[in-house]
Number of protein chains: 2
Amino acid sequence: MSTLFSIGTLSKAAGCKVETIRYYEKIGLMPEPARSEGGQRRYHRKHRERLRFIRHSRELGFTLDDIRELLAMSEQHGHADSIARRHRAAVQNRIRSLTALRDELDRMIEECEQGHEGECRVIEVLSDHQECSGDH
Amino acid sequence: MSTLFSIGTLSKAAGCKVETIRYYEKIGLMPEPARSEGGQRRYHRKHRERLRFIRHSRELGFTLDDIRELLAMSEQHGHADSIARRHRAAVQNRIRSLTALRDELDRMIEECEQGHEGECRVIEVLSDHQECSGDH
DNA sequence: GCTTGAACCTGTAGTCACTATAGCTTTTTT
DNA sequence: AAAAAAGCTATAGTGACTACAGGTTCAAGC
């Protein structure tokens, strides 16, 4: 009848380490669960859902403070999509500059293949990059 | 005639904090510069280039250890193109996962908009995701 | 030439989001 | 019942900075 499970089981269900769960509890992101006779943590479905939400959000790059805010908003039906939008913009910027860098590297590699005697000047090219595309 | 400049000038030229430069020096990522009579750091162009390279690479998500390796290998002549190639592969990977992330955020935002009565489902989307698409 | 005040110095401590370790107790399995 | 696995707390360490305290040096204005 009991649907309770241990911290190890929860950690597997959410794909994170046991220590991380205890850490989330310590900083108040996860609620304090029930305890067994001997003092071990006992969780149920709600904990698992919450933890999965936290972990997935972390994977998407939200900070713990973002997540705290998201969780708070979800409790009062505010609109949480502004955070997602903000995050999306940051991701897009990063993609843009990585793409520029990749193209730059392609150019370098090609130059190397043409047998330019000597080195490719990785540092110069990469440090110049900021000046020519400069969107930081 | 002197092309030397202070740590504050360097920090502005590279877009980072003064403390960060001293930190890089401490961990051996930036070389110890010359000093003024009174003991203040005096840099020149080469330092600026190197620091810009480091900062730009950091912005793109490379670790200081990655950067250390890149810098070290770029100093041994001849191997530069293999570094570039390896680096390119890493950049491509990062682009791939960021693109996936962006698409997912788009999906989230869109689903948010569909719940037009101010009802945002970001939270549901985030906690459900792992179960339905689960590729982490 | 003197006096401000901004910029610099060293060293240490704090931040975020964990992760690892030590030394113990509880639970599960054999 | 014994052994192994998993749990407990508390503390320290990680990476990549960032902030602070308390002092020194430098450039500019008078």
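Just so we're on the same page: letters track the sequence lines, and every chain starts at 1. Just so it is clear, the structure is predicted and the values come from calculations on it, not from any experiment.
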Open item on the list: For residues 10-20 of chain A, which residue pairs pass the salt bridge (charged side-chain N to carboxylate O under 4.0 Å, His left out) check, not counting sequence neighbours?
Closed with: none
Task: Residues which pass salt bridge (charged side-chain N to carboxylate O under 4.0 Å, His left out) with B:Arg42, listed by chain and number, not counting sequence neighbours - done: none
Open item on the list: Going by salt bridge (charged side-chain N to carboxylate O under 4.0 Å, His left out), name the residues that satisfy it together with A:Arg22, two or more places apart in sequence or in a different chain.
Closed with: none
Task: All ring-ring contact (aromatic ring centres under 6.0 Å, His included) counterparts of B:Phe62, not counting sequence neighbours - done: B:His87
Tell me the interatomic distance from [X], atom [atom1], to [N], atom [atom2], rounded to whole angstroms.
X	N	atom1	atom2	answer
B:Tyr43	C:dA7	OH	C1'	14 Å
A:Lys12	D:dA5	NZ	P	12 Å
B:Ile21	C:dC8	CD1	C1'	12 Å
A:Glu32	D:dC8	CD	P	12 Å
A:Ile27	C:dA17	CD1	P	7 Å

Open item on the list: Among residues at least two apart in sequence or on other chains, which ones pass side-chain hydrogen bond (donor to acceptor under 3.5 Å, both in side chains) with B:Tyr24?
Closed with: B:Arg55
Open item on the list: Once side-chain hydrogen bond (donor to acceptor under 3.5 Å, both in side chains) is applied, do any residues pair with B:Arg96, and if so which ones, sequence neighbours excluded?
Closed with: B:Asn93
Would you give me the side-chain donor-acceptor pairs under 3.5 Å for residues 4-11 of chain A, sequence neighbours excluded?
residue : atom : partner : partner atom : Å
A:Ser6  : OG   : A:Gly8  : N            : 3.4
A:Ser6  : OG   : A:Thr9  : N            : 3.3
A:Ser6  : OG   : A:Thr9  : OG1          : 3.1
A:Ser11 : OG   : A:Gly8  : O            : 2.8

Open item on the list: Can a donor-acceptor pair be found, under 3.5 Å and without considering hydrogens, that links the side chain of A:Arg48 to the backbone of A:Tyr43?
Closed with: no
Sub-3.5 Å pairs of nitrogen or oxygen atoms, protein against nucleotides 16-20 of chain D:
residue : atom : partner : partner atom : Å
D:dA16  : OP1  : B:Leu64 : N            : 3.3
D:dA16  : O3'  : B:Arg58 : NH2          : 3.3
D:dC17  : OP1  : B:Arg55 : NH1          : 3.1
D:dC17  : OP2  : B:Tyr24 : OH           : 2.7
D:dC17  : OP2  : B:Arg58 : NE           : 2.7
D:dT18  : OP2  : B:Thr20 : OG1          : 3.3
D:dA19  : OP2  : B:Lys17 : NZ           : 3.3

Task: Least distance between heavy atoms, B:Ile67 atom then B:Ile54 atom - done: CD1-O, 3.7 Å
Ignoring backbone atoms, test whether [X] places a side-chain nitrogen or oxygen under 4.0 Å from the OP1 or OP2 oxygen of [N].
X	N	value
A:Arg35	D:dT9	yes
A:Arg41	D:dG7	no
B:Ser6	C:dC8	yes

Open item on the list: Each nucleotide in nucleotides 24-30 of chain C should get exactly one letter: B, S or -. Can you fill that in based on protein heavy atoms under 4.0 Å?
Closed with: --BS---
- [ ] Any pair with a residue in residues 26-37 of chain A that passes side chain to side chain donor-acceptor pair (under 3.5 Å), sequence neighbours left out, goes on the list, sorted by first then second residue, please.
- [x] none
Task: Stems formed with participation of DNA chain D [Watson-Crick or G-U wobble, under 3.5 Å, three or more pairs] - done: C:1-30 with D:1-30
TODO: Report which part of the nucleic acid B:Ile7 touches: base, sugar-phosphate, or nothing (heavy-atom distance under 4.0 Å, all strands).
DONE: sugar-phosphate
Task: B:Thr99: partners by side-chain contact (heavy atoms from CB on, under 4.5 Å), with sequence neighbours left out - done: A:Ile95, B:Ile95, B:Arg102, B:Asp103
